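Notes follow once the structure below has been shown.
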Amino acid sequence: MRKTVFIIYVLSSLIAVFAVLFDFKLIEIIFKPLIVPAVFVYYLYQSDFKLSGTFTSVLILSFASDMISIFDMDKKQLLVILLNLAINMLFLKSYVKDYLKLNTLNTKQIFNALLILLGLLVLVVICLTLIPDLNIDKIIYYLFYGLVLAFMSTVAIYNSILNNNNLKIFYAVIISTAFIITDVFYVLYNFYLPMKIFLLVNLAVQFVSYFFIVNYFTVSLKKI
């Protein structure tokens, strides 16, 4: 059953990417809603049916974001950003907990972490320059979103520097990297140049990230 659910997740993801890429709306509407439920069932088997409130919240928010992205509606982009912001904040909280469990403070590596944060903030600013017609309200919530994503990713990478042999922390770095890639290509496709390759990368990385999210939270049920 575990393999069956995993196959459903993989096939649904591939078909959904294919449908979006070639504008097959009906196929997208049929298969995209199958992805997150399949991921949730796969997680249940991987975790021996031990539920995580944070993981469940992440999937609910992800499902809502996926469903909103299917349909044309007013303020769709704002709603998707707010949902993804909530997801990033949940991961930031989880990564901070991981750091506290490490019970390690390496002052020599703090400088490296600050450099990483600075680099990510530069990337945020670059992405903002690609978004047209920015008013003060848009600047505030786009910037806040970027700051949360940057801090989240920095904490994950810093944890990896402190303990690079920890599998859970390794998954956290992959997840953070995936989120950065999806957001960059989201901006490129929606605000700069609507090339299908940008959309393909955005969707493919997003759907693959679900696999690593499952692995991160199944490891997190154990001691770090």
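Please read these numbers as outputs of a predicted model, since none were measured by experiment. The analysis underlying the following values was restricted to heavy atoms, covering all of them including side chains, and did not include hydrogens, waters or symmetry mates.
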Report task. Using the side chain to side chain contact (heavy atoms under 4.5 Å, CB included) rule, take V124 and L149 through it: C-alpha gap first, then chi angles, then the decisive distance, then the call. Result -> CA-CA 9 Å; V124 169; L149 178 62; over 6 Å; no

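- The only option from L51, I35, V214 that meets the side-chain contact (heavy atoms from CB on, under 4.5 Å) definition with F40 turns out to be L51.
- Using a distance-only test at 3.5 Å, with no hydrogens or angles considered, no donor-acceptor pair links the side chain of S94 to the main chain of L90.
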Requested in this report: Determine, step by step, whether I87 and N84 satisfy the side chain to side chain contact (heavy atoms under 4.5 Å, CB included) criterion, reporting the C-alpha distance in whole Å, the side-chain angles of both residues, the deciding distance to 0.1 Å, and the verdict.
Outcome: CA-CA 5 Å; I87 293 171; N84 290 340; 3.9 Å; yes

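- Using the six-membered ring where Trp is involved, Y95 and Y216 have ring planes that are perpendicular, over 60° apart on the 30 and 60° scheme.
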Donor-acceptor pairs under 3.5 Å, side chain of residues 19-30 to any protein atom, not counting sequence neighbours: which ones?
| residue | atom | partner | partner atom | Å |
| --- | --- | --- | --- | --- |
| D23 | OD1 | K196 | NZ | 3.3 |
| K25 | NZ | I70 | O | 2.4 |

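- The nearest pair of heavy atoms linking Q46 to T218 is CB-CG2, 3.6 Å.
- The cluster map of Ile, Leu, Val, Met, Phe, Trp and Tyr, joined by side-chain heavy atoms under 4.5 Å apart, puts L115 and V125 in different clusters.
- Scanning all heavy atoms of the two residues, the minimum distance from Q206 to Y210 falls at NE2-OH, 3.2 Å.
- In the hydrophobic clustering of this structure, I126 does not group with I81; members are Ile, Leu, Val, Met, Phe, Trp, Tyr whose side-chain heavy atoms approach within less than 4.5 Å, directly or through other members.
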Query raised in the report: What's the verdict on ring pair (Phe, Tyr, Trp, His ring centres under 6.0 Å) for F91 and F217, showing C-alpha distance, side-chain angles and the deciding distance?
Result: CA-CA 10 Å; F91 274 106; F217 281 102; 5.7 Å; yes

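- Looking at T177, its side chain does come within 3.5 Å of a backbone N or O of V173 through a donor-acceptor pair.
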Query raised in the report: Passes side chain to side chain contact (heavy atoms under 4.5 Å, CB included), K93 versus K97? Steps please.
Result: CA-CA 6 Å; K93 179 182 177 181; K97 287 183 177 179; 3.8 Å; yes

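- The aromatic rings of Y43 and F55 lie parallel to each other, their planes meeting at an angle below 30°, with 60° marking the opposite boundary.
- Under the 6.0 Å cut-off for aromatic ring centres, F207 and F211 do not qualify, their centroids lying 6.0 Å or more apart.
- Hydrophobic clustering (ILVMFWY, side-chain heavy atoms < 4.5 Å, transitive): I139 and Y141 are in one cluster.
- Between L120 and A150, the shortest heavy-atom distance links the atoms CD1-O, 3.5 Å.
- At a threshold of 4.5 Å between side-chain heavy atoms, the hydrophobic network of Ile, Leu, Val, Met, Phe, Trp and Tyr places L130 and F144 in one connected group.
- Taking the side chain as every heavy atom from C-beta outward, Y158 and N112 never approach each other to under 4.5 Å.
- Closest non-hydrogen pair, C127 versus V184, comes out as SG-CG2, 4.2 Å.
- Listed for the N164 side chain is no donor-acceptor partner under 3.5 Å among the backbone atoms of S160.
- The environment of CZ in F170 is sparse: at most 12 heavy-atom neighbours from other residues, nucleotides or ligands sit within 6.0 Å.
- With a 4.5 Å cut-off on side-chain heavy atoms, L59 and I213 do not count as touching.
- At a threshold of 4.5 Å between non-hydrogen side-chain atoms, the residues L199 and L203 count as touching.
- You'll find the ring centres of Y42 and F6 inside the 6.0 Å limit.
- Open room surrounds CZ on F151; 12 or fewer heavy atoms of other groups in view lie less than 6.0 Å from it.
- In this structure, the side chains of N215 and L167 stay at 4.5 Å or more apart for every pair of heavy atoms.
- Within the 4.5 Å cutoff, the side chain of D66 has no heavy atoms near those of the P33 side chain.
- Side-chain atoms of L188 and L193, non-hydrogen and from C-beta on, never get closer than 4.5 Å to each other.
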**Report entry** Full working for side chain to side chain contact (heavy atoms under 4.5 Å, CB included) between L34 and L11
**Finding:** CA-CA 10 Å; L34 298 178; L11 289 179; over 6 Å; no

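- In this structure the side chain of S69 reaches within 4.5 angstrom of the side chain of K32, judged on heavy atoms.
- The shortest distance between side-chain heavy atoms of V187 and Y192 does not fall below 4.5 Å.
- Y145 and L85 make their closest contact through CE1-N, 3.5 Å (heavy atoms, listed as atom of the first residue, atom of the second, distance).
- The main-chain N or O of T182 is found under 3.5 Å from a side-chain atom of N202 such that the two form a donor-acceptor pair.
- Residue F179 is not grouped with residue I60 when hydrophobic side chains (ILVMFWY) are merged at heavy-atom distances under 4.5 angstrom, including chains of intermediate members.
- Contact detail for M195 and Y189: the closest heavy-atom pair is O-CD1, 3.2 Å.
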